[in-house]
Amino acid sequence: MLIGIDVGTTAVKAAVLEVDGSVVQTFASRYPTQRPAPLHVEQSPHDWMERVISALKQFDEGSAFHALGLCSQVNTHVFVDASGEPLLPALTWQDGRCAEDAVLLDAKVSIAEKIKWWGAPLPIDASHVLARMAYVARVYPNVWEKTRWVMAPKDYCIFKLTGEVVADPMTCFGIVDQDLQLIEALIELVPGAARRLPSIAGFTEKVGTIRNDWPCARTPVVTGAMDAWSGLLGAGVSQDGQGLYLSGTSEILGVVSHRKTPTRGVISFAPCEGIVLHAGPTQSGGASVEWLSRVLAKSAPEISALAAQADLQDVTMFLPHLEGERAPLWDITARGSFAGLTSSTGSAEMARAVLEGVGYSARLVFESLYHSAGLKPQAINHSGGGSASEVWCQIRADILGVPLQRTAMRDAGVLGAALIAGVGIGIFSSLQQAAKDFVKMDAEFAPDPRQTERHDKRYELYKLLYRQLVPFNEVFLNHPHATNP
């Protein structure tokens, strides 16, 4: 059997799978995220490991496991000493405190260099590992001096499980070039950064075994991948022309194509394992629903049920920029908004607006991806926790105007991690073969032409609203009474 583990934004999710794809056991446990100050979004690395070990304890019932694969949230960084002890809470991908350092670094890199290195003029933003390093070196010099490694969540967990320090090239996408080599000229912009980076190994490379004092001892562990790439495989996407929609705390959108057109705002990954992925993450997908759930004191399924009851004539417009926006805008100053409220607007209409607003943010990314990849998929494979809502799946299909094929297993990252482990020990011949043969679909959502026409008009208003709020957000954030100065 294979074990897949996803150290996600809100929880550790894991599963034991037979080599035919059958799920034997599952595990899920949430952990807290702290927001101690404006733009500060932190997690405890000990919370990740506590859940990983709990999952392994649950699975360790005398069974023999072929291998363990992990994936995790990316652009979340933990600074550790030589023994692997965290020196600070982990800065998550949502954390925006390093924006000033990011701007200074970005100004030192030309558009030509970005296209040469990354295949697209991608900005260095507040979540970039070098921005994080520059910030810690500037604000916490004593911590920086003690830092031996700056690690992603899965790499931290692998270190704890096996004692090995390793990262995969896609988790390091902001500091590797199109040949998957570290960009020395870029890394040198932050003195001391190079010696604090883990070595890089391929997704499927066996890096060690689980230590004897942990559950599932001696199980082989592979390098694994970032969440987008693991989810890509777990959603059955590996061939040119296929599209990906992963719905979690954020929305991760992707198109596979060997064609490349440099496109501002999206990530054109280097070829890896025979796959060329064009991708873009938003800042808030499920996070928007979670926010509304707190406001209305209703669960996520109740939010979907409310949205299904909305009077479409009274649905307002919602910008899901609750903590800035990533692809394709990369605007840390963006803020969420409801617009077009009337006295007829109720909770159902607000719920519908949130689901639609997230869908519009995904469409904005996909339009850039189609340009970057030089094609538009005929269908898009859909997975992640947000795909559990059939109401939301249909809204997304209507907004995108493309059929969505939903995976039977919602936790694509977990499944992809298990597939990567299986390739690493030779159960599957390749990642492409595993993704094709292992992943099953349970539903297809075809767009309703009438609703697509409605969304085409609203989507233009969505973009207009964002543009018109840009100057407001800039003034608001610099106002002495702003909530996020």
Side-chain angles (χ1 to χ4, degrees), residues 7-12 30-48 72-80 86-106 122-141 143-144 147 149-157 167 171-175 190 193 196-197 226-228 248-252 267 280-288 290-291 320-327 329-336 361 473 477 482-485:
V7 184
T9 300
T10 60
V12 163
R30 294 175 64 89
Y31 36 74
T33 297
Q34 289 80 33
R35 290 174 168 79
L39 301 179
H40 289 53
V41 189
E42 304 173 346
Q43 290 178 352
S44 167
H46 296 299
D47 286 341
W48 304 333
S72 72
Q73 51 179 304
V74 287
N75 283 14
T76 290
H77 300 103
V78 54
F79 291 70
V80 304
L87 298 168
L88 290 170
L91 281 65
T92 76
W93 56 267
Q94 295 171 309
D95 192 289
R97 77 183 79 172
C98 306
E100 177 184 338
D101 298 276
V103 169
L104 294 175
L105 287 170
D106 192 65
L122 191 68
I124 295 176
D125 79 319
S127 69
H128 194 284
V129 64
L130 293 180
R132 297 281 170 77
M133 289 179 162
Y135 171 84
V136 170
R138 176 173 62 84
V139 178
Y140 303 107
V143 169
W144 180 243
T147 297
W149 307 107
V150 180
M151 313 177 87
K154 78 169 178 65
D155 302 331
Y156 168 81
C157 293
T171 293
C172 300
F173 67 88
I175 52 173
V190 179
R196 292 173 170 86
L197 293 170
M226 64 182 288
D227 53 0
T249 302
S250 70
E251 311 291 273
I252 299 176
I267 304 164
T282 70
Q283 189 79 353
S284 179
S288 293
E290 185 173 351
W291 166 77
H321 307 151
L322 300 178
E323 290 176 291
E325 181 58 291
R326 294 193 289 174
L329 303 175
W330 300 100
D331 182 359
I332 195 64
T333 69
R335 286 296 176 266
S361 73
N473 288 330
L477 292 177
T483 55
N484 290 298

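Applying the side chain to side chain donor-acceptor pair (under 3.5 Å) test to R196 and every residue at least two apart in sequence or in another chain returns nothing. Scanning for side chain to side chain contact (heavy atoms under 4.5 Å, CB included) contacts around R35 gives T33, V41, Q94, E323, with sequence neighbours left out. Residues passing the side chain to side chain contact (heavy atoms under 4.5 Å, CB included) test with V143 are L87, L88, V136, Y140, T147, sequence neighbours excluded. A search for salt bridge (charged side-chain N to carboxylate O under 4.0 Å, His left out) contacts involving D331 returns nothing, not counting sequence neighbours. Residues passing the side chain to side chain donor-acceptor pair (under 3.5 Å) test with T171 are D168, sequence neighbours excluded. Checked against side chain to side chain contact (heavy atoms under 4.5 Å, CB included), A102 has the following partners two or more places apart in sequence or in another chain: I124, A131. Under the rule for a salt bridge (charged side-chain N to carboxylate O under 4.0 Å, His left out), the partners of D106 that lie at least two apart in sequence or sit in another chain are K114. With sequence neighbours excluded, the residues that form a side chain to side chain donor-acceptor pair (under 3.5 Å) with Q283 are R326. Residues meeting the ring pair (Phe, Tyr, Trp, His ring centres under 6.0 Å) test with F173, sequence neighbours left out: F269. Remark: P36 engages Q34, H40, E42 in a side chain to side chain contact (heavy atoms under 4.5 Å, CB included) (not counting sequence neighbours). For H77, the ring pair (Phe, Tyr, Trp, His ring centres under 6.0 Å) criterion is met by no residue, not counting sequence neighbours.
In this structure, the side chains of V129 and N75 stay at 4.5 Å or more apart for every pair of heavy atoms. Within the 4.5 Å cutoff, the side chain of D227 has heavy atoms near those of the V74 side chain. Contact of the P89 side chain with the V78 side chain is not registered, since no non-hydrogen atoms from C-beta on lie closer than 4.5 Å. Inter-residue side-chain proximity for Y156 and P86 is flagged as met; some heavy-atom pair is nearer than 4.5 Å. Side-chain contact between T282 and P320 is absent, with no heavy-atom pair separated by less than 4.5 Å.
To the nearest 0.5 Å, atom SG of residue C98 and atom CG of residue L105 are 10.0 Å apart. Between atom CD1 of residue I252 and atom CD of residue Q73 there is a gap of 10.5 Å, rounded to the nearest 0.5 Å. With rounding to the nearest 0.5 angstrom, the CG atom of L104 is 13.0 Å from the CG atom of L130. For the atom pair CG of L91 and CZ of F79, the computed distance is 6.5 Å after rounding to the nearest 0.5 Å. To the nearest 0.5 Å, the span separating OG on S288 from CD on E251 amounts to 8.0 Å. From S127, atom OG reaches atom CZ of R97 across 12.5 Å, with rounding to the nearest 0.5 Å.
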Practice prompt. Evaluate side-chain contact (heavy atoms from CB on, under 4.5 Å) for M133 paired with W144, printing each intermediate quantity in order.
Written response: CA-CA 8 Å; M133 289 179 162; W144 180 243; 3.7 Å; yes
Worksheet item: Does the pair L477 and R335 meet the rule for a side-chain contact (heavy atoms from CB on, under 4.5 Å), with working shown?
Response: CA-CA 10 Å; L477 292 177; R335 286 296 176 266; 3.8 Å; yes
Worksheet item: Step by step, would you call H128 with I175 a side-chain contact (heavy atoms from CB on, under 4.5 Å)?
Response: CA-CA 9 Å; H128 194 284; I175 52 173; 3.8 Å; yes
Item to complete: Give the intermediate values and the outcome of side-chain contact (heavy atoms from CB on, under 4.5 Å) for residues S44 and Y31.
Response: CA-CA 9 Å; S44 167; Y31 36 74; over 6 Å; no
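Among pairs with a residue in residues 126-141, those fulfilling salt bridge (charged side-chain N to carboxylate O under 4.0 Å, His left out) read D101-R138, at least two apart in sequence or across chains.
In this structure, S284 contributes its side chain and S250 its backbone to no donor-acceptor pair below 3.5 Å. Checking side-chain atoms of T92 against main-chain N and O of T76 turns up no donor-acceptor pair under 3.5 Å.
Side chains of W330 and E325: a donor-acceptor N/O pair is absent below 3.5 angstrom, by distance only.
Here the closest non-hydrogen pair linking L322 and A287 is CD1-O, 4.2 Å.
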